[in-house]
Amino acid sequence: MDSQKLKILFISSEVEGFSKTGGLADVAKALPLELRNLGHEVVIITPFYRTIEHREHAQQVHQLTLHTDSSRPDVQFTVKELSLDGIKVLAIDNAHYFDRAGFYGEENNAYQDNGERFAFFSLASLLTSLAEGFSPDIIHCNDWHTGLVPYLLKTRFHDHSHFAHTKTVLTSHNSAYQGIFEKSQLNLIPEVSSCMDERVLENFSYINYLKVGVIYADKVNTVSPNYASELLTPLGSHGMSHHFIERIHDFEGILNGCDYNDWSPETDNLIPFNFNHEDLSGKEKCKQALQQEVGLEVADLPIFGMVCRLTDQKGFGLILPILERFLKHNVQLIIIGSGDPAITGHLTALSEHYSDKFKFVNTYSNKLSHLVEAGADFFLMPSIFEPCGLNQLYSLAYGTLPVVRAVGGLKDTVIDYDQDSEHANGFMFYDANPDQLLNLLRRVILLYIEHPEEMLRLKTQAMQSHFYWSDSAKHYERLYQRALHLHQHW
C-alpha cells in the first residue's frame with residue numbers, strides 16, 4: 001500500500017512564490033513539491049489576490065458559477081492556472097473577494113467579511129476540483145481559511161461521485177487563529193448556517209471555522225509533536241483542547257522541514273560570503289557585513305538577532321521589560337519585523353536611545369533576514385507559543401545558536417546546552433518570565449566571552465542539525481494512508 005500513488009488536492013490561502021504572510025506559505029510550497037517527488041499527483045488551489053506574484057503568467061482555464069439560494073445573486077468566478085516548479089496551481093479569481101490591497105486585511109485590521117471570503121473560497125475550491133475533473137484521494141486543508149471544506153464534503157457533496165473516495169486532512173499551522181465569524185457571513189452557503197450545532201457555534205451566533213475543520217476532517221494534525229501535546233491541554237490549546245481531545249485518535253504532530261534550497265549557507269546567494277560547518281570563516285565575514293549594513297560598530301561582540309512579526313506571541317512581553325538591562329551589557333542586538341504598533345513604538349524608542357548597540361528595522365526584508373541568520377551569533381525566539389517555528393531551523397543551518405523558550409516546535413528541534421551540553425545546538429528557558437530570559441541571556445554572553453572554543457563547537461554542531469522536508473512528506477504520506485483506511489468517524 002505504501003507505493004500507492006495518490007491524487008492530492010492541496011488548498012491553502014497562501015503559497016510561497018505567489019503570496020506570503022507567514023510560515024503557512026512556506027509549507028504550502030515545500031510540502032507539495034516533496035509529495036510530487038514521492039510520485040504523487042498534486043494540485044494546489046489558492047486565491048488569485050491582487051498582489052499575487054507571476055499574475056502576468058496566469059492563464060484563465062475555467063469560468064464558474066457558485067449558485068446561492070434565491071435571496072442572493074449567484075457568484076461568478078474564474079480560475080487561473082499557474083505553475084509551481086511543474087505543479088499545477090489553480091488560483092480562484094473573484095474581484096469582490098480578492099481584488100484588495102491585502103490578503104486578510106490592511107494596516108493591522110482584518111477585513112470585516114473574511115468569513116464570507118473564505119466560505120466562498122472553500123466552496124469555490126471544491127467546484128474548481130469538479131470543473132478540473134481532478135478527483136482527489138486526499139484533500140489537504142490548511143488552517144481556518146479552509147475549515148469549511150471537510151464539512152462541505154460531508155454535507156453538500158456527500159453523495160457526489162467525484163468525491164466518493166475522497167478523505168480530508170486538516171493541518172492547523174497555528175491554532176490561535178481560529179476564524180470566528182457571525183453566522184450571517186455564511187449566508188453564501190445556506191446549508192452551513194442552518195446545520196451548524198453548538199459544537200462549532202460560539203455564543204450561538206458565531207461560527208468557529210477551525211473547530212468546523214477539526215470536527216469534520218478525517219485526520220487532523222499540527223506542525224510539531226510537542227505543539228500537538230500542548231493542544232490537548234487547557235493552557236496550551238487556545239480554548240480548543242476539548243475538540244482536539246475528542247479527535248485524539250485522529251490527531252498528531254508532524255514537524256515542518258526546512259527548505260535548504262533557500263536556507264543553506266553554502267549556496268545562499270543573498271549573503272556576501274558562503275560557508276559550511278568545516279570552515280566558518282565566511283560566517284565571521286558575514287558578521288562584519290551585517291554590522292556594517294545596519295550601522296553597528298564592527299567589533300568582536302556577541303550579536304543577537306531576531307526576525308519575526310511583532311506580536312505578543314513572539315515573546316515581546318518577556319523581552320521589553322528586560323531590554324534595557326540586557327543592553328547595559330557589551331552586546332549588539334538587531335530586530336527585524338513589523339506588526340503591533342505598541343511593540344513597534346517601544347522598540348523604536350529603545351533603538352534610538354541605545355543606537356550604538358541596538359538596531360530595529362521596522363519592515364520585513366528577505367535579504368536582511370538572510371544576513372541576520374548568517375552574521376548573528378545567537379537568534380532570539382522567546383515565544384509564548386510556537387507551533388513549529390522556522391527561524392530556529394534556519395538559524396541552526398547557519399550556525400547561529402537559537403535562544404528559545406521550551407514550547408511547541410522549539411522544544412522538538414533545539415537541544416539545550418544546560419540540559420545536554422555534549423549534543424546541544426542552542427539554549428532554552430522554560431517559564432514565561434522576563435527575568436528567567438535575562439538570566440539565560442547573561443549565561444550565553446558569559447559563554448561567548450569565556451569559552452570561544454566551546455562556542456565554535458556548538459556552532460559547528462548546530463550546522464549539522466538537519467530537518468528535511470522529504471522526511472516530513474513521508475509522515476504526511478502515512479497520515480494520508482491512514483485517512484484512506486478510515487471508516488466514518490461521526
Side-chain angles (χ1 to χ4, degrees), residues 21-27 104 108 110 142-145 147 170-180 208-211 213-214 220-245 247-248 251-256 258 306-322 335 337-340 342-343 379-396 402-416 426-437 440-441 467 472:
T21 65
L24 167 59
D26 296 295
V27 177
Y104 314 119
N108 245 28
N142 293 276
D143 279 348
W144 68 261
H145 319 91
L170 172 71
T171 300
S172 175
H173 300 262
N174 188 338
S175 299
Y177 299 105
Q178 297 173 13
I180 299 171
N208 182 320
Y209 283 33
L210 183 61
K211 278 186 189 174
V214 168
V220 181
N221 81 292
T222 190
V223 289
S224 71
N226 192 55
Y227 187 57
S229 301
E230 290 170 4
L231 289 177
L232 300 172
T233 67
L235 192 62
S237 65
H238 322 288
M240 281 191 55
S241 57
H242 169 68
H243 298 277
F244 288 112
I245 290 167
R247 298 304 311 280
I248 194 162
F251 177 57
E252 65 180 273
I254 298 175
L255 197 63
N256 282 341
C258 177
M306 192 172 184
V307 180
C308 64
R309 289 197 303 280
L310 306 183
T311 64
D312 288 338
Q313 178 203 331
K314 297 299 180 183
F316 285 98
L318 307 180
I319 293 170
L320 292 173
I322 56 120
I335 297 179
S338 58
D340 185 324
I343 297 170
F379 196 93
L380 269 177
M381 289 184 78
S383 305
I384 301 304
F385 64 96
E386 193 65 66
C388 177
L390 289 168
N391 277 100
Q392 85 277 15
L393 305 185
Y394 305 155
S395 299
L396 290 167
V403 179
V404 307
R405 186 161 169 259
V407 290
L410 299 174
K411 197 172 177 182
D412 286 316
T413 53
V414 177
I415 302 168
D416 178 32
F427 307 89
M428 206 176 272
F429 71 108
Y430 288 82
D431 297 336
N433 176 309
D435 287 318
Q436 204 177 101
L437 170 59
L440 177 57
L441 290 171
F467 302 90
S472 304

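Contact check for V214 versus F244: side-chain heavy atoms found under the 4.5 Å cut-off. In this structure, the side chains of V223 and N174 stay at 4.5 Å or more apart for every pair of heavy atoms. With contacts defined as side-chain heavy-atom distances shorter than 4.5 Å, the pair D312/I343 qualifies. Contact check for V307 versus Y394: no side-chain heavy atoms found under the 4.5 Å cut-off. Using a 4.5 Å heavy-atom cutoff, the side chains of L441 and I322 are in contact.
Once rounded to the nearest 0.5 Å, the distance linking CZ of F251 with CG of L231 reads 4.5 Å. Rounded to the nearest 0.5 Å, atoms CD (E386) and CG (D412) are 12.0 Å apart. Residue Y227 holds its OH atom at 15.0 Å from NZ of K411, rounded to the nearest 0.5 Å. Distance CD/Q392 to OG/S383: 8.5 Å, rounded to 0.5 Å. Summarising the geometry, atom CD1 belonging to I319 is positioned 11.0 Å from atom NZ belonging to K314; distances are rounded to the nearest 0.5 Å. With rounding to the nearest 0.5 Å, the separation of CD1 in I248 from OG in S241 is 11.0 Å.
Scanning all heavy atoms of the two residues, the minimum distance from M306 to L380 falls at CG-O, 3.5 Å. Taking each heavy atom of P382 and L437 in turn, the nearest pair found is CB-CD2, 4.0 Å. Taking each heavy atom of G408 and S224 in turn, the nearest pair found is C-OG, 3.7 Å. Of all the heavy atoms in L232 and I245, the pair that sits closest is O-CD1, 3.4 Å. Closest of all the heavy-atom pairs between H173 and D143 is N-OD1, 2.7 Å. In this structure, S172 and S175 approach most closely via the heavy-atom pair OG-OG, 2.6 Å.
With Q313 contributing its side chain and A176 its backbone, the two residues share no donor-acceptor pair below 3.5 Å. Counting only distance, with no hydrogens or angles, the side chain of S229 and the backbone of P225 share a donor-acceptor pair below 3.5 Å. With Q436 contributing its side chain and Y430 its backbone, the two residues share a donor-acceptor pair below 3.5 Å. With hydrogens and angles disregarded, no donor-acceptor distance shorter than 3.5 Å links the side chain of T222 to the backbone of G253.
In the model, N221 has a side-chain atom that pairs as donor or acceptor with a side-chain atom of T171 under 3.5 Å.
Applying side chain to side chain contact (heavy atoms under 4.5 Å, CB included) to F429 and the options L440, V404, D435, D416 leaves one that passes, L440.
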**Request:** Show the numbers, then the answer: is there a side-chain contact (heavy atoms from CB on, under 4.5 Å) between L170 and L210?
**Result:** CA-CA 9 Å; L170 172 71; L210 183 61; 4.1 Å; yes

